[in-house]
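Just below is one structure, and these are the notes that go with it.
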2 protein chains.
Amino acid sequence: MNSAANLKVVRPGYHHGDLRQALLMAAKALIAEAGIENLSLRKLADRAGVSRTAPYHHFTDKNDLLCAIAAQGFRRRYQGAQDTFNDPSLTAEEKFAEFICGYVRFAADNPEEYELMFGRNIWKQKNSTQELRDVAYPCFQHQLEMITSWQEAGLISGDNPLRTTQVIWGTVHGIAKLLIDGIYTDSAQIEEVSLCAIKLFIKKAS
Amino acid sequence: MNSAANLKVVRPGYHHGDLRQALLMAAKALIAEAGIENLSLRKLADRAGVSRTAPYHHFTDKNDLLCAIAAQGFRRRYQGAQDTFNDPSLTAEEKFAEFICGYVRFAADNPEEYELMFGRNIWKQKNSTQELRDVAYPCFQHQLEMITSWQEAGLISGDNPLRTTQVIWGTVHGIAKLLIDGIYTDSAQIEEVSLCAIKLFIKKAS
DNA sequence: GATGCTATTTTGACACTGTCAAGATGTGTT
DNA sequence: AACACATCTTGACAGTGTCAAAATAGCATC
């Protein structure tokens, strides 16, 4: 038995090589070019140089494909958040500020990916894949842990860690959404809005 | 010349009566039944008892129709917010609390309508109708005025009224979005989350 | 009242979408 | 070499938004 036989990844040498990965790459490119709503499986297959229905052997559904892309986004975001939280050269306040600003910046820099990660199409009803949930929930959990630690350290206001996390997450998510959905027209102010949010949540020393 | 000739409304006695209104009603019914993403103009026309392309003489576009529904939502929300703000029997703190809770409740009670009002499909690029902008912008402006007044009265923290408004709006929008998009699974906690947000924003007297 | 103008509605058509069923083709194993 | 299986293709279907042209109904004017 081959060494990589029990893994589903890295299986080159087939008809196309590794079509699953190629499809994901092409999909991200197409989305970056024309937005999610303009992504069709047929255009995607065309871009990848295969037939219309070829993707269906690697993704059960269009939704399945979108979930896979969203999962990549969660992994990236989780990595970034964890890196700053574990950076020993930063104070707790700096970490909190970077969490807020970094969150909003992530959404602003990858609007289509963020839209996918938190779009209603994926989460409403039972559309989310097991893979997506497996990577998204730890991401949510990590946010709770970080905010809990900052609250216990007396850095930010409030008493109930879960509720506070839900509010702060709501804040950054809402700011991000208003921006990338085109309701805040002015993206130049977005850093200032993040800074204002930080000031509002940090417990005043005076 | 007829008395109502210079108005575009209330023109009964035509083929259908007032199809524009009937289409709006039917659209809201269909959306309530199966969600926005399951609304098609053909099903809508069928529900209204007309041909597939009949709606195109009352709405230039599917987007135009959705904007009209969204505009109705903004009018309702604006009315509600204004009523509580002008209620003389409430204290400033009660008004602020009701603004937060009322906002989230509005979204929770009318998820599909809220999704439409703030969906990216409408606001991204130049898709928003003039009518929609004419009713939505005063709504945003009103929020700024209310929050400015509460901030000047020393009720809530922060110094820059515009930034504070953007943060607080982001917070309620984010909480609403996380709920109605199915990411917060537990809708029973939503009132508690709103209350936590209120506590975080209100300036502590101690 | 007949005629013509215009608002309204319909039928037909087109390009596009997601997805299924069957067949064809390549790849690895026995 | 033969088989099993993964992979890919072709064909098809129902559905979508929207345009063009034809049909119909209401109103105003002569």
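Each chain gets a letter, A, B and so on, in the order its sequence line appears, and its residues count up from 1.
- One side chain, A:Asp134 or A:Gln130, offers a donor N or O that lies under 3.5 Å from an acceptor on the other.
- When each of D:dT10, C:dT11, C:dT19 is scored by its nearest atom to the side-chain atoms of B:Ser51, the top-ranked nucleotide is C:dT11.
- Distance, B:Glu37 CD to C:dG18 P: 16 Å, rounded to whole Å.
- The listed nucleotides are D:dT9, C:dT8, D:dT18; the one nearest the side chain of A:Val50 is D:dT9.
- Below 30°, between 30° and 60°, or above 60°: for B:Tyr103 and B:Phe99 the angle between ring planes is above 60°, a perpendicular geometry.
- For the residue pair A:Gln189/B:Gln166, the side-chain donor-acceptor check at 3.5 Å is satisfied.
- For A:Thr53, the listed nucleotide lying nearest its side chain is C:dA21; candidates were D:dG17, C:dA21, D:dC19.
- Between the CZ atom of A:Arg52 and the P atom of C:dG18 there is a distance of 13 Å, rounded to whole Å.
- Nucleotide D:dT16 holds its C1' atom 9 Å from the OH atom of B:Tyr56, rounded to whole Å.
- Following rounding to the nearest Å, B:Asn38 (CG) and D:dG15 (C1') show an atom-to-atom distance of 12 Å.
- A donor-acceptor pair under 3.5 Å is formed between the side chain of A:Ser157 and the backbone N or O of A:Phe201.
- Picking from C:dT10, C:dG18, D:dT18 the nucleotide with the shortest atom distance to the side chain of B:Arg42 gives D:dT18.
- A salt bridge links B:Arg105 and B:Glu98; the closest N-O separation between the charged side-chain nitrogens and carboxylate oxygens is under 4.0 Å.
- Where A:Lys43 and B:Ala54 meet DNA chain C, the nucleotide closest to each residue was compared, and B:Ala54 sits on the side nearer the 5' end.
- Protein atom CG of A:Asp61 is 16 Å distant from nucleotide atom P of C:dT17, rounded to whole Å.
- Of the side-chain N and O atoms in A:His58, one or more sit less than 4.0 angstrom from OP1 or OP2 of D:dC8.
- In this structure, A:Asp18 places its CG atom 15 Å from C1' of C:dT27, rounding to the nearest Å.
- With DNA chain D read from its 5' end, the first of the two nearest nucleotides for B:Thr60 and B:Ser40 is the one closest to B:Ser40.
- Toward the 5′ end of DNA chain C lies the nearest nucleotide of A:Leu39, the other residue of the pair A:His57 and A:Leu39 mapping further downstream.
- Distance from the side chain of B:Leu41 is smallest to D:dG17 among C:dT10, D:dA12, D:dG17.
- One interatomic measurement links the two molecules: CG of B:Asp64 to P of D:dC19, which rounds to 12 Å at whole-angstrom precision.
- Rounded to a whole Å, the CZ atom of A:Phe59 is 14 Å from the P atom of C:dG18.
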